[in-house]
Every structure is written in C-alpha cells, then in structure tokens.
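A short write-up of the structure that comes next.
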Amino acid sequence: MASGQLSRAEALACSGCRHACHVMLYADTKAQLFGRIPIKHIILMQMRFDGLLGFPGGLVNPSEETLESGLSRELSEELGLALPISVEDHVDSCYAAPSSPSSSSRLITHFYVKKMDEEQIREVERAAASTAADHGLEVLGMVRVPLYTMKGGGGLASFLSHSFIGNARSQLVHSMLRLHLVAPGELHKALMHSLKTHAHTKQDLQAALALTQGLRKQF
C-alpha cells in the first residue's frame, strides 16, 4: 500500500479524523471536436470557490452517515442531483497533507469513480448550472477534462497545467491510466508540456507583479 494510503476499514477506524469524499464522474463518447478530433471520454471536474480545480464532493461525518450517503448529499448540493454512490465505486482512501502546521485533526480523503452514459453526464451538467444550491457559491461551474492533444500542446497538457486542490491532479492522472482513458505515452507528453507551460506562466506572473508594483507607487 502506498505511503499515506489506508484501507477503507482503517480509515473508518481512525479516531478524531475528519473525512472528505469526492467522485470522478465519466462517460464514453463518440463526439469529435471540430468534426475531426475524437473526444473519446468525458470527465467532469469543477471550478471551486477558491479558484482551484477539483472533483465534486465534500466533508462527511461517518458517525452520522455512511461515506456514500454523505457523498450523495454533497453531490445533491453541488450538482443538483442526488446521484447514487456505492461501495463498489470506492477507489482509495488516504491521509491528506495538513492544511496548516497548526491543524489539530487529520483529514482522510476518500476517492470514488463512477461511470455513466453520455446523456446522464449532460443531465448532471444541466442541473449543476440551473438547480444546484451551491452553483455560483461553493462551485463556480462544471468543466470537462480535454483528453486529446492538439498541435502546440493544447488540450490535456494545458488543462493539467492549471492549479488543482490537494491531490486532485494525481487522482485524475491515476484514474486516466487505470481506466485506460489516455495512453501512457500521450499522458507523459502532456505532463512534460505542462511543465514547460508552468515555466512560461511564472514569467507572465512575474511581469504582472512588476506592473502592479509600479502602479502601487502612484497611489
């Protein structure tokens, strides 16, 4: 078992720990971008209130509800639909990195993966934008992960260069490999291109910071 990972039983037996459950919803598709680039699969993520990408879900209390019922409750608030989540959808549980050095309790994250059909995915997207209680508040919008690579590195490489909450990026990468949604070679190239994008982004941020420093002196 990898460092930090727990069995489901070990996680639930942890005294004084907080628990958070999140799920990756995905589907197969025959759609093509611009009529020529196969999309192949749809993976849903969300833009969070803090500007980070993550999977839908949230904190649950195992002493009052099962992990799965708690996750379904969170999905109802964030997606506008109470999707049924089963124990069979569970992928792993692990300790999350402390949010701060003074954090008094450890957080255990539970990750689930649920396959749906394309129309169900579309229904989730419609509900998330129209009936979800948290839309525009805790959730700023659902996004699809582009699993294709375009000329110049657009698509998956650009997406992976964004900022993710906690271990959401590694959960996404691991799931793409485990479910054979992206070939290992293609994923490797995308991640390498993302590293280059990060270097360019750092330069852009430094230039923007210099601009604001200059303006601050004028006021």
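Everything numeric here is computed off the predicted structure, so don't read it as measured data.
We find the CG-CE distance between Leu179 and Met24 to be 5.5 Å, quoted to the nearest 0.5 Å. The distance from the OG atom of Ser163 to the CZ atom of Arg48 is 12.0 Å, given to the nearest 0.5 Å. Summarising the geometry, atom CD belonging to Glu74 is positioned 7.5 Å from atom NE2 belonging to His22; distances are rounded to the nearest 0.5 Å. Rounding to the nearest 0.5 Å gives a distance of 6.0 Å between CG of Leu187 and CG of Leu156. Taken from NZ in Lys40 to NE2 in His180, the straight-line distance is 13.5 Å, to the nearest 0.5 Å. Distance check: Asp117 CG to Glu123 CD gives 9.5 Å after rounding to the nearest 0.5 Å.
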Do any side-chain atoms of residues 143-154 form donor-acceptor pairs under 3.5 angstrom with protein atoms, and if so which ones, sequence neighbours left out?
from, atom 1, to, atom 2, distance (Å)
Arg144, NE, Glu125, OE2, 2.7
Arg144, NH2, Glu125, OE1, 2.9

Which pairs of donor and acceptor atoms, one on a side chain in residues 130-138, lie under 3.5 Å apart (sequence neighbours left out)?
from, atom 1, to, atom 2, distance (Å)
Ser130, OG, Arg126, O, 2.7
Thr131, OG1, Ala127, O, 3.2
His135, ND1, Ala128, O, 3.2

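Partners of Tyr112 under the ring pair (Phe, Tyr, Trp, His ring centres under 6.0 Å) rule, at least two apart in sequence or in another chain, are His90. For Phe164, the ring pair (Phe, Tyr, Trp, His ring centres under 6.0 Å) criterion is met by Phe159, not counting sequence neighbours. Checked against salt bridge (Lys or Arg N to Asp or Glu O under 4.0 Å), Glu118 has the following partners two or more places apart in sequence or in another chain: Arg122. Take His110 and apply the ring pair (Phe, Tyr, Trp, His ring centres under 6.0 Å) test, not counting sequence neighbours, and it matches His19.
In this structure, Gln171 and Phe55 have side chains that are in contact, with non-hydrogen atoms separated by less than 4.5 Å. Side-chain contact between Met176 and Val173: present, with at least one pair of heavy atoms (C-beta onward) separated by less than 4.5 Å. Considering only heavy atoms from C-beta on, Phe49 stays 4.5 Å or farther from Val139 through its side chain. The side-chain heavy atoms of Cys17 and Leu107, taken from C-beta on, include no pair separated by under 4.5 Å. The closest side-chain heavy-atom distance from Tyr26 to Val113 is below 4.5 Å.
Between Pro62 and Val60, the shortest heavy-atom contact is CD-O, 3.5 Å. Across every non-hydrogen atom of Cys14 and Ile108, the tightest pair is CB-CD1, 3.8 Å. Leu160 and Ser194 get closest at one heavy-atom pair: CB-OG, 3.5 Å. Looking at every heavy atom in both residues, Leu52 comes nearest to Ile165 through CD1-CD1, 3.6 Å. Here the closest non-hydrogen pair linking Gly54 and Ala168 is CA-CB, 4.2 Å. Shortest non-hydrogen contact noted between Val124 and Met116 is CG2-CE, 4.0 Å.
With hydrogens and angles left out, the side-chain atoms of Ser161 and Ser158 include no donor and acceptor closer than 3.5 Å.
Distance alone, capped at 3.5 Å, is enough to place a donor-acceptor pair between the Glu10 side chain and the Ser7 backbone. The closest donor-acceptor contact from the side chain of Ser72 to the backbone of Glu68 lies under 3.5 Å. Arg169 places a side-chain N or O within 3.5 Å of a backbone atom of His162 that can act as its donor or acceptor partner. Within the 3.5 Å criterion, the main-chain N or O of Ser170 finds no donor-acceptor partner in the side chain of Asn167. In this structure, the side chain of Glu64 does not engage the main chain of Asn61 through any donor-acceptor pair within 3.5 Å.
Annotation: Lys114, atom NZ; neighbour count of heavy atoms from other residues, nucleotides and ligands within 6.0 Å is above 12.
One hydrophobic cluster, built from ILVMFWY side chains closer than 4.5 Å, cannot hold both Leu75 and Met47; they sit in different ones. Side-chain heavy atoms closer than 4.5 Å link hydrophobic residues (I, L, V, M, F, W, Y) into clusters, and following such links, even through other members, never connects Val91 to Val23. Ile37 and Ile39 fall within a single hydrophobic cluster, where Ile, Leu, Val, Met, Phe, Trp and Tyr side chains are chained together by heavy-atom contacts under 4.5 Å. Taken together through direct or relayed side-chain contacts under 4.5 Å among Ile, Leu, Val, Met, Phe, Trp and Tyr, Phe111 and Ile43 form part of one hydrophobic cluster. No continuous path of ILVMFWY side-chain contacts below 4.5 Å connects Leu79 to Leu172, so the two sit in separate hydrophobic clusters.
Screening Thr29, Leu25, Asp28 for a side chain to side chain contact (heavy atoms under 4.5 Å, CB included) involving Ile42 leaves a single residue, Thr29.
Here Arg8 does not pair with Asp92 in a salt bridge; the nearest charged N to carboxylate O distance is not below 4.0 Å.
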